[in-house]
Amino acid sequence: MFTDPIADYLTRVRNAQMAGHKVVEIPASNMKKAITEILHKKGYILNFKFEETENNQGNIKVALKYNMQTKLPAIKKLTRISKPGLRKYADSKTLPRVINGLGIAILSTSKGVITDKEARNLNVGGEVICHVY
């Protein structure tokens with residue numbers, strides 16, 4: 001049993017991209033579903049599908065996105081920031097800017113799981129889950 005399911009999610013996506021896979025299957029949770037929806041909305045993955053399994057946990061099938069000509073993955077870097085042993089929080093004024101606004105930071109806030117830009121607009125802070133660019 002792993003202790004950090006979000007890090008496991010990010011690692012599965014990272015490893016699948018390095019191996020050149022088109023689809024990766026990940027055990028589901030509400031936090032992982034929210035992160036997947038953000039990655040799709042921001043154009044880092046092609047598509048996703050939530051599937052139910054017999055153990056009621058479910059799976060997330062993620063279709064990874066690659067550049068047509070160069071075959072390079074759309075996600076250059078996927079980094080876990082807040083870990084179970086050391087949580088990282090930021091208020092609305094100290095939210096991180098990933099590569100000066102070119103990437104996104106995904107946060108868990110009182111308004112749900114949102115990006116750093118949405119958090120600035122809503123004037124809320126929260127736990128910084130990961131950086132994507």
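Quick note: numbers below take in every heavy atom, side chains included, and nothing from hydrogens, waters or symmetry partners.
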Side chains of residues 71-79: which donor-acceptor pairs under 3.5 Å do they make with residues two or more places apart or in other chains?
residue, atom, partner, partner atom, Å
Lys71, NZ, Met68, O, 3.0

Scan the side chains in residues 95-116 for donor-acceptor partners under 3.5 Å anywhere in the protein, sequence neighbours excluded, and list what turns up.
residue, atom, partner, partner atom, Å
Arg97, NH2, Asn100, O, 3.1
Arg97, NH2, Asn100, OD1, 3.4
Thr109, OG1, Lys111, N, 3.1
Thr109, OG1, Gly112, N, 3.4
Thr109, OG1, Gly112, O, 2.8
Thr115, OG1, Glu118, N, 3.4
Asp116, OD1, Ala105, N, 3.4

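- Side-chain contact check for Phe50 versus Lys32: every heavy-atom pair is 4.5 Å or farther apart.
- Not a single side chain to side chain contact (heavy atoms under 4.5 Å, CB included) links Asn56 to another residue, sequence neighbours left out.
- Within the structure, the salt bridge (charged side-chain N to carboxylate O under 4.0 Å, His left out) test picks out the following pairs touching residues 49-63 (sequence neighbours left out): Glu25-Lys61, Lys49-Glu51, Glu51-Lys61.
- With rounding to the nearest 0.5 angstrom, the CD1 atom of Ile6 is 5.0 Å from the OG atom of Ser29.
- Sorted by first and then second residue, the pairs that involve residues 2-22 and meet salt bridge (charged side-chain N to carboxylate O under 4.0 Å, His left out), not counting sequence neighbours, are Asp4-Arg80, Asp8-Arg12.
- Distance check, rounded to the nearest 0.5 Å: NZ of Lys33 to CG of Asn30 gives 6.0 Å.
- Between Ile38 and Val132 there is no side-chain heavy-atom pair separated by less than 4.5 Å.
- Among pairs with a residue in residues 84-96, those fulfilling side chain to side chain donor-acceptor pair (under 3.5 Å) read Arg87-Glu127, Asp91-Thr94, Ser92-Asn123, at least two apart in sequence or across chains.
- For Asn55, the side chain to side chain donor-acceptor pair (under 3.5 Å) test picks out Thr53, with sequence neighbours left out.
- Hydrophobic clustering of Ile, Leu, Val, Met, Phe, Trp and Tyr side chains at less than 4.5 Å, counting indirect connections, keeps Val128 apart from Met31.
- With values rounded to the nearest 0.5 angstrom, Gln17 atom CD is found 10.0 Å from Ile45 atom CD1.
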Could you go through the side chain to side chain donor-acceptor pair (under 3.5 Å) check for Tyr9 and Thr36 one step at a time?
CA-CA 10 Å; Tyr9 170 89; Thr36 304; 2.7 Å; yes
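- Contact check for Val23 versus Leu64: no side-chain heavy atoms found under the 4.5 Å cut-off.
- Using a 4.5 Å cut-off on side-chain heavy atoms (C-beta onward), Leu46 and Tyr66 make no contact.
- Closest heavy-atom contact between Val24 and Ala16: CB-CB, 3.8 Å.
- In terms of heavy atoms, Leu10 sits closest to Cys130 at CD1-CB, 3.9 Å.
- The ring pair (Phe, Tyr, Trp, His ring centres under 6.0 Å) contacts involving residues 20-45 comprise His40-Phe48, where partners must be two or more places apart or lie in separate chains.
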